[in-house]
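Below, all heavy atoms of this structure are taken into account, side chains as well, without hydrogens, waters or symmetry copies. By convention in this document, chain letters (A, B, ...) are assigned in the order of the sequence lines, proteins followed by strands, and residues within each chain are numbered from 1. Since the model is a prediction, treat every value here as computed from it, not as a measurement.
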Amino acid sequence: MAASRQITRRLLWRALSVRNQRVWVVFFALMVSTAIVNALVSVYFDIDIKMSRELRTFGANFYLGPAHGHTLPEADFDRLVSAAPPGLVAAGSPYLYGTARSELENVALAGVRFSALPALVPYWQVEGAWIGVDFDDRNAMIGRTLASRLNLAVGDTLSLVKDGQKKALRIKGIVDAGDASDSLLFISLELAQDWLEKPGLMSHALFSMMNSAGNVEQFAAALRTGHADWAVRPIRKVSANEGNVLVKIQGLMGLVSIVILLLSTLCVNTSLTAIVSERQREFALQKALGAANRTIVRQVLLETLAISLAATVVGCLAGFVLAQVLGQTVFSASIGLRAWVLPITVALSLSAALGAAVLPLRRIMYIQPARVLKGE
Amino acid sequence: MPEESRVTATSAIEARHLSKHFGNVAALDDVSFSVAKGEFVALMGSSGSGKTTLMNLLTCLDTPTAGELWLDGVNAAGFDEEARRQFRARHIGLVFQQFHLIPYLNALENVMLAQHYHSVTDEASARRALEEVGLAHRVDHLPSELSGGEQQRVCIARALINEPPLLFADEPTGNLDAENEARVLEILQGLHSEGRTIVMVTHNPALGAYAQRVVRLQHGRIMQ
């Protein structure tokens, strides 16, 4: 039995080693396709997170406001955050709008949580500095248009006045947002609630959420059924685009993977057909000596599997490197190594190899030893 | 006495009204002959006489269109592919004109390959078989490192390794020089003297003279 296994191993090893040119063609075809498929599958599963991060630089993508009236309790902000699945909410801030008198003229102000602004409005161009603390009631940020009108620069002081009260605010940053924010004065939410005499209230809240696989839309739908007093909606210009782009990119990657697998299948099929053709006499002799079709088919399958496994192992390693190159080039970030990507890649590559072997193996079964050995 | 037993007792090979047709062409037409156990028979005929077709039937590489073919006491005419394969592995030794050795296996491994498809491999007996044909010093050589005569002797060792009752040689010296031809014929005669049944296909009358009896074919029929 051991000697039989030995001759099987010798047949396998010698058959591979003497045809190294064709074996290398099969190896490289499978290795390259495995590497590309592995890289694309890795990026495929990582791209929703990467794309979500990229697109969230366009700002908030979720809105919470009152269904009726003009304000909501600030506590609703925290209720929404608690109701969200873990990891969904990346950043958020309540907004309270109102008008206040300053020493110079009336100004429109917005109370916000300063710490959330860099994540919520990352596209703001700020002269000076962001305010990092939510309860900072000595500093303010001001929109470019308003600052020009009031002739204010970073470091200047603007005083709000009301019923004999006066609140001096130092301008820490001037905001260039390119939208209505350019005409607003941004102060801390607590100060706005106090000054506008709307304690514990907000006009609305904006959130930046991780939008993978359309889960922002699902979350909004879930909130709508349980909270009649809330108006909730994804901000479609970001979320919808995000979803569409993702679907298209993932579809494109799936298509490219299929085309590459088909091409490698064709290449392997051509090489295996050539190998079988070259070894016709060998197989005919084996049959003449009493080898069953299944024995020869098993032998060639073993050879194909040996090449495929070696190509798959090297291809997976190369694919991981390729995924990192793609990640750094496109997203400037590394692509995570996911355990389930490997079995998917291995299954796809081995299926391609075995699919390519079907016709050559059928050809072996129809070899007629009498004809081939006579050289017909 | 039952028919099968009668055949087994008297003949190694018995063909009865054997025919092989390829479409409308009769390659073999109503051929009947027998080979006794231990007999050395030469199968002769010109090109297109049906030698190869008859050889393919006798070695179970093909099936007849009609007739009976008793080989070593068994009617092989009705064998399916699997039965023919098993019969070849157990009862038939084949020596080819073109040797047909696996190019990437050495002499020893080529001989062991026949054992592998028969039952189990036994390296010691494969070495002995090569010794018997004078190749003890060439066991580790690849076919490309052997002369034509040496390759044919490996082929004979492979044909004999499973001790088949029937040995078929198809133009065994067709690719050999005079010296190697004589050596191969010497081996075949030695095997015959040990009592082995041998059928040799040849078109060479000088070679046919080495056999005990010559069966001549012409246009798919036995001439004598």
Side-chain angles (χ1 to χ4, degrees), chain A residues 1-24 274-300 302-303 306-307 362-376, chain B residues 20 51-63 81-82 84-106 108-126 142 144 155 158-159 161-162 164 168 170-171 201:
Chain A
M1 203 61 188
S4 285
R5 273 202 298 272
Q6 190 185 358
I7 199 111
T8 305
R9 275 201 300 272
R10 282 185 197 180
L11 276 171
L12 174 65
W13 173 245
R14 298 271 173 89
L16 292 177
S17 56
V18 295
R19 265 171 209 84
N20 48 18
Q21 209 169 350
R22 293 213 187 275
V23 168
W24 278 116
I275 288 174
V276 167
S277 187
E278 284 171 1
R279 295 171 67 184
Q280 246 193 130
R281 276 172 182 262
E282 182 187 321
F283 298 139
L285 172 73
Q286 287 173 290
K287 285 187 182 192
L289 292 178
N293 272 331
R294 62 178 176 279
T295 308
I296 303 173
V297 165
R298 194 166 53 224
Q299 177 192 326
V300 177
L302 267 175
E303 290 172 21
I307 306 168
R362 268 180 67 86
R363 205 171 154 176
I364 289 173
M365 295 176 72
Y366 290 110
I367 287 175
Q368 293 181 15
R371 281 186 149 191
V372 175
L373 294 177
K374 261 291 169 189
E376 288 177 22
Chain B
K20 179 68 182 180
K51 294 192 306 286
T52 302
T53 305
L54 181 56
M55 188 69 160
N56 286 342
L57 298 183
L58 296 178
T59 53
C60 287
L61 289 172
D62 205 351
T63 50
E81 194 181 334
E82 176 61 17
R84 282 189 288 126
R85 177 190 75 75
Q86 289 187 16
F87 193 85
R88 276 200 306 275
R90 288 172 192 164
H91 296 82
I92 290 174
L94 287 165
V95 179
F96 304 97
Q97 179 182 359
Q98 292 161 319
F99 325 132
H100 292 308
L101 300 174
I102 304 272
Y104 52 83
L105 295 183
N106 63 30
L108 184 68
E109 290 162 347
N110 264 291
V111 174
M112 287 168 71
L113 194 66
Q115 293 179 314
H116 179 59
Y117 295 131
H118 175 266
S119 49
V120 290
T121 53
D122 176 2
E123 190 173 323
S125 64
L142 292 174
S144 58
C155 188
R158 182 180 63 192
I161 187 67
N162 298 319
F168 293 89
D170 186 1
E171 303 277 9
V201 170

> When rounded to the nearest 0.5 angstrom, what is the spacing between CG in B:L58 and NZ in B:K51?
Replying inline: 13.5 Å

> From B:M55 CE over to B:L94 CG, what is the distance, rounded to the nearest 0.5 angstrom?
Replying inline: 7.0 Å

Identify which part of [X] has an atom lying under 4.5 Å from any heavy atom of chain A, answering side chain, backbone, both or neither.
X      : value
B:N162 : neither
B:E81  : side chain
B:N56  : side chain

> Considering only heavy atoms, which portion of A:Q286 lies under 4.5 Å from any heavy atom of chain B: side chain, backbone, both, or neither?
Replying inline: both

> Given the options B:R85, B:H118, B:R88, which has more heavy-atom pairs under 4.5 Å with chain A than any of the others?
Replying inline: B:R85

> Looking at B:R158, B:Q86, B:Q97, which has the largest count of heavy-atom pairs under 4.5 Å with chain A?
Replying inline: B:R158

> Should the pair B:H100 and B:F96 be assigned to parallel (<30°), tilted (30 to 60°) or perpendicular (>60°) ring geometry?
Replying inline: perpendicular

> If you look at every heavy atom in B:K20 and B:T63, which pair is closest and at what distance?
Replying inline: NZ-O, 2.8 Å

>> Can you give me the closest heavy-atom contact between B:A126 and B:I161, atom names plus distance?
In response: CA-CD1, 3.6 Å

